[in-house]
Amino acid sequence: MRRKLAAGNWKMNGLRADLATLHTLAERHSAAQVDILLCPPATLIGACTDLPFAIGGQDCHPNTSGAHTGDISAAMLADAGASHVITGHSERRADHGETDATVAAKSQAAYDAGLQAVICIGETLNERETGKTLSVIDQQLAGSIPDSSSAANTIIAYEPVWAIGTGKVPTLDQIGEVHAHIRARLTARFSDGDDMRILYGGSVKGSNAADIFGVADVDGALVGGASLKADDFSPIISALEASA
Ligand SMILES: O=C[C@H](O)COP(=O)(O)O
């Protein structure tokens with residue numbers, strides 16, 4: 001049985017004053033019947049460890065240490081109190097030229113540091129419109145997910161690039177098609193692939209969360225903008241609980 005997961009990715013947002021949001025969420029959802037993961041900017045990880053949620057980083061370097069100014073290793077995230085790290089987010093792939101091989105190396109670094117990796121995949125609008133969605137997903141799954149992955153250390157996040165921060169959401173049939181495809185690939189490759197959680201991400205809101213969570217093989221959401229305010233994230237968590 002896969003436990004549902006509501007994950008919030010704050011991206012490059014959040015100052016110490018914004019931690020009040022997380023304390024409000026903690027008051028409302030400390031006894032949640034689903035897992036909750038929050039990925040604040042690295043500067044706030046240490047200030048989040050007293051919260052009743054899992055805490056994650058948003059990226060890590062593939063190496064354990066060294067001359068990489070401005071980068072953060074997986075071991076540093078773990079040392080700061082994180083249990084998870086997002087790898088391969090499309091914003092990292094686009095802004096920093098991260099390839100599937102880079103994402104796989106970062107995910108392996110996460111495992112080696114004892115972190116769970118939330119590995120992101122998803123097609124661009126052009127790829128969707130030219131009928132390449134499933135082949136792009138296949139390529140990203142094959143290239144971004146290390147052979148050492150398991151349900152214990154890996155969560156997949158399907159995030160259509162064109163749905164991120166745009167208010168555009170695939171149809172429920174489109175989400176279901178891709179999640180079923182990912183599930184089939186995971187079960188074919190990993191002995192516990194049926195236990196790996198697959199999150200949907202891209203313009204999830206309180207108003208569409210219940211419908212999305214009703215789709216087969218959607219085990220939760222990776223939420224960006226709507227995770228920044230308690231009043232926006234809270235209904236998503238509640239919808240996930242209702243679907244569990
Ligand atoms: O990591 C989160 C995703 O990029 C989704 O972001 P969004 O909910 O703002 O569309």
Side-chain angles (χ1 to χ4, degrees), residues 4-14 18 21-22 25 34-42 44-45 48 53-60 72 77 82-96 98 103 106-107 110 115-125 127-128 133 136-137 140 144 154-172 174-175 178-179 182 197-213 215 218-240:
K4 305 284 185 180
L5 172 62
N9 174 13
W10 276 19
K11 308 190 179 185
M12 198 172 72
N13 299 290
D18 299 304
T21 293
L22 299 182
L25 278 174
V34 298
D35 290 340
I36 299 174
L37 166 65
L38 289 154
C39 300
L44 294 181
I45 287 175
C48 290
F53 308 130
I55 301 300
Q58 299 176 10
D59 176 55
C60 65
I72 295 178
L77 294 173
S83 54
H84 293 66
V85 61
I86 297 168
T87 57
H89 193 286
S90 62
E91 289 153 11
R92 300 275 329 165
R93 291 176 187 259
D95 294 353
H96 300 273
E98 293 190 4
V103 177
K106 291 185 173 199
S107 301
L115 299 179
Q116 293 186 48
V118 181
I119 304 176
C120 300
I121 57 175
E123 82 284 3
T124 64
L125 184 58
E127 290 163 345
R128 161 73 57 183
T133 297
V136 168
I137 294 297
Q140 292 176 332
S144 301
T154 303
I155 297 160
I156 306 299
Y158 167 55
E159 298 205 319
V161 177
W162 53 275
I164 295 173
T166 60
K168 297 178 186 169
V169 181
T171 66
L172 299 181
Q174 287 173 326
I175 294 173
V178 177
H179 277 243
I182 294 170
R197 291 182 284 188
I198 307 172
L199 309 182
Y200 169 77
S203 295
V204 176
K205 314 275 183 215
S207 56
N208 60 22
D211 287 342
I212 293 170
F213 296 150
V215 176
V218 173
D219 302 311
L222 179 56
V223 182
S227 71
L228 294 171
K229 292 185 179 170
D231 285 347
D232 292 335
F233 199 27
S234 193
I236 296 172
I237 296 170
S238 297
L240 189 61

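Atoms within each ligand, like the ligands themselves, are counted from 1 in listed order. For the numbers below, each heavy atom of this structure counts, side chains included, while hydrogens, waters and symmetry mates do not.
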Worksheet item: Quick check: does G225 get an N/O under 3.5 Å from an N/O on ligand 1?
Response: yes
Worksheet item: Who's closest to atom 6 (O) of ligand 1 heavy-atom-wise, of H89, K11, Q58?
Response: K11
Practice prompt. Between N9 and ligand 1, find which residue part has any heavy-atom pair under 4.0 Å and reply side chain, backbone, both or neither.
Written response: side chain
Counting each atom of ligand 1 from 1 as listed, which ones have a heavy atom of [X] under 4.0 Å away?
| X | result |
| --- | --- |
| G202 | 5 (C), 10 (O) |
| L222 | 1 (O), 2 (C), 5 (C) |
| I164 | 4 (O), 6 (O), 10 (O) |
| S203 | 7 (P), 8 (O), 10 (O) |

Would you confirm whether [X], through its side chain, and [Y], through its main-chain N or O, come within 3.5 Å as a donor-acceptor pair?
| X | Y | answer |
| --- | --- | --- |
| N208 | S203 | yes |
| N13 | W10 | yes |
| R93 | E98 | no |

Rounded at 0.5 Å granularity, tell me how far [atom1] in [X] sits from [atom2] in [Y].
| X | Y | atom1 | atom2 | answer |
| --- | --- | --- | --- | --- |
| L5 | I237 | CG | CD1 | 10.0 Å |
| C48 | F53 | SG | CZ | 10.0 Å |
| L222 | I198 | CG | CD1 | 14.0 Å |

Fill in: side chain to side chain contact (heavy atoms under 4.5 Å, CB included), paired with R197, selected from I155, T154, I156
I155
Item to complete: Give the residue and atom name of whichever protein heavy atom lies nearest to atom 8 (O) of ligand 1, and the separation in Å to one decimal.
Response: G224 N, 2.9 Å
Discussion item. Considering non-hydrogen atoms of the protein only, which is the closest contact for atom 2 (C) of ligand 1, and what is the distance?
Written reply: E159 OE2, 3.2 Å
Discussion item. Any atom of ligand 1 sitting under 4.0 Å from a heavy atom of G165?
Written reply: yes
